[in-house]
Amino acid sequence: MPLGPTTTFIPSTDVDWDFGGQVVLITGAAHGQGAVHAETFAEKGADVVVSDLAGEVDYVTYPLGTAAELEATAEKVRDLGRRCISAVCDVRRPNEVKGLVERTIEEFGHLDIVISNAGIGGRKPVVDMPAAQWVATIDTNLSAAFYLCKYAGPHMIEAGYGRILATGSTQSVGGTNEVSAYTSAKHGLVGLVEGFAREFADHGVTINLVCPTAVDTPMNKSFVDPTTADWIAEATRLVGSWNLLLAEGMMHEREVSEAMMWLASRAAGHISGATLMLDGGCTAK
Ligand SMILES: NC(=O)c1ccc[n+]([C@@H]2O[C@H](COP(=O)([O-])OP(=O)(O)OC[C@H]3O[C@@H](n4cnc5c(N)ncnc54)[C@H](O)[C@@H]3O)[C@@H](O)[C@H]2O)c1
């Protein structure tokens, strides 16, 4: 049987992931990748905590998630027969992250998987960037992962089991013009998972970084208009070598979820501190 182009995405209906009885907490779950992670983990049996800022951030020029979208994500999880906590949480604020973790433990009793997914992007030359834009970008994309580890870590350590996943980018290993704050934060995550993996290793807790290339979400639509015929050329002009092998378009969100599921599964028990590139080879050297 012809298998078709190698980049055609086919969901893994034949992989029997089983997250039954586990609880996964996902930030930035109102729309985009986080919403698809929530649905995908729920399909495979997990109870899910979905959270989002559900508001606006200065300097972000594309639509972030809304309260209605967050509720829609929660409804999808519940429609699959799973329990769901839906909560507004600004990941830049440690006390809000602490509260979210505490509520999870109170209501569900345990927390097995954390996906630090919330992120913001934005283009601005270094010399024109307001300091507050730098801080917001670093806090959302990097510091939030620390807060999640700080507050979820003790519960996982006590349980002797945990899976922490952070969301990097091709910008975790390369640089490009006018997205330097984002690039700096995503590079920081490489160090964060390597450093934290060592501290968590003795306690059965793994932490890994998943780095997608361009995914078909609202964030990316701020960079290029994917409905135009030459969007790949435009994206390439903007950010270098995006999608070297993915000539057909952006990644599907669920491709990222699939990688997350593998790293969150018991099958990946010996993988920690790793940076997994989901980039169509575009950062290959
Ligand atoms: N879209 C891409 O091409 C791409 C590529 C590589 C990596 N990423 C990363 O993937 C992750 C998900 O991005 P996406 O593509 O789904 O983008 P998105 O903009 O569609 O979704 C991001 C979500 O995070 C939420 N969020 C933003 N700031 C927040 C805050 N302070 N607290 C809580 N939630 C907040 C938003 O409301 C939104 O719902 C991000 O970390 C992003 O950097 C995206």
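For ligands, and for the atoms within them, numbers begin at 1 and follow the listed sequence. Note that the coordinates shown come from a computational prediction; the quantities given were computed from them, not determined experimentally.
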When you check the gap from the basic side-chain N to the acidic O, do Glu75 and Arg78 get nearer than 4.0 Å? yes

Specify side chain, backbone, both or neither for Thr140, according to which of its non-hydrogen atoms lie closer than 4.0 Å to ligand 1. side chain

Restricting to non-hydrogen atoms, name the atom on Arg163 and the atom on Thr206 that form the minimum distance, rounded to 0.1 Å. CD-OG1, 3.1 Å

Backbone or side chain, does any N or O of Tyr182 fall under 3.5 Å from an N or O of ligand 1? yes

Taking the minimum heavy-atom distance to atom 25 (C) of ligand 1, which of Thr27, Asp52, Leu64, Val36 ranks first? Asp52

In terms of atom number and element, which parts of ligand 1 are under 4.0 angstrom from non-hydrogen atoms of Asp90? 30 (C), 31 (N), 32 (N)

Under 4.0 Å from ligand 1, counting heavy atoms only, is it the side chain of Ile120, its backbone, both or neither? side chain

Could you tell me whether ligand 1 has any atom less than 4.0 Å away from a heavy atom of Ser51? no

Residue portion contacting ligand 1 (non-hydrogen atoms closer than 4.0 Å) for Ala35: neither

If you compare His31, Gln33, Arg93 by their heavy atoms, the one closest to atom 13 (O) of ligand 1 turns out to be Gln33

Using the ring-ring contact (aromatic ring centres under 6.0 Å, His included) rule, collect all pairs that involve residues 192-213, keeping only residues at least two apart or in two chains. none

Any salt bridge between Glu258 and Arg254, counting N to O under 4.0 Å? yes

Report yes or no: does Gly121 have a heavy atom closer than 4.0 Å to ligand 1? no

Within a distance under 4.0 Å of any heavy atom of Gly32, pick out the atoms of ligand 1 and give their elements. 16 (O), 20 (O)

Mark up the atoms of ligand 1 that fall under 4.0 Å of a heavy atom belonging to Asn117, in ascending order. 11 (C), 12 (C), 40 (C), 41 (O)

Give the atom numbers and elements of ligand 1 that come within less than 4.0 Å of a heavy atom of Pro218. 20 (O)

Does a side-chain N-to-carboxylate-O contact under 4.0 Å join Arg83 and Asp47? yes

Judged by non-hydrogen atoms, does Thr213 sit under 4.0 Å from ligand 1? yes

Do Arg266 and Tyr161 meet the cation-pi criteria used here (NZ or CZ under 6.0 Å from the six-membered ring centre, within 45° of the axis)? yes

Can you tell if the side chain of Cys211 reaches within under 4.5 Å of the side chain of Thr275, non-hydrogen atoms only? yes

Under the side chain to side chain donor-acceptor pair (under 3.5 Å) test, residues paired with Glu69 that sit two or more places apart: His31, Thr66

Output yes when the distance from some N or O of ligand 1 to some N or O of Ala214 is under 3.5 Å, and no in every other case. no

Please classify the Lys186 to ligand 1 contact at 4.0 Å (heavy-atom distances, strictly less than): side chain, backbone, both or neither. side chain

With atoms numbered from 1 as shown, which atoms in ligand 1 lie under 4.0 angstrom from a non-hydrogen atom of Cys89? 32 (N), 33 (C)

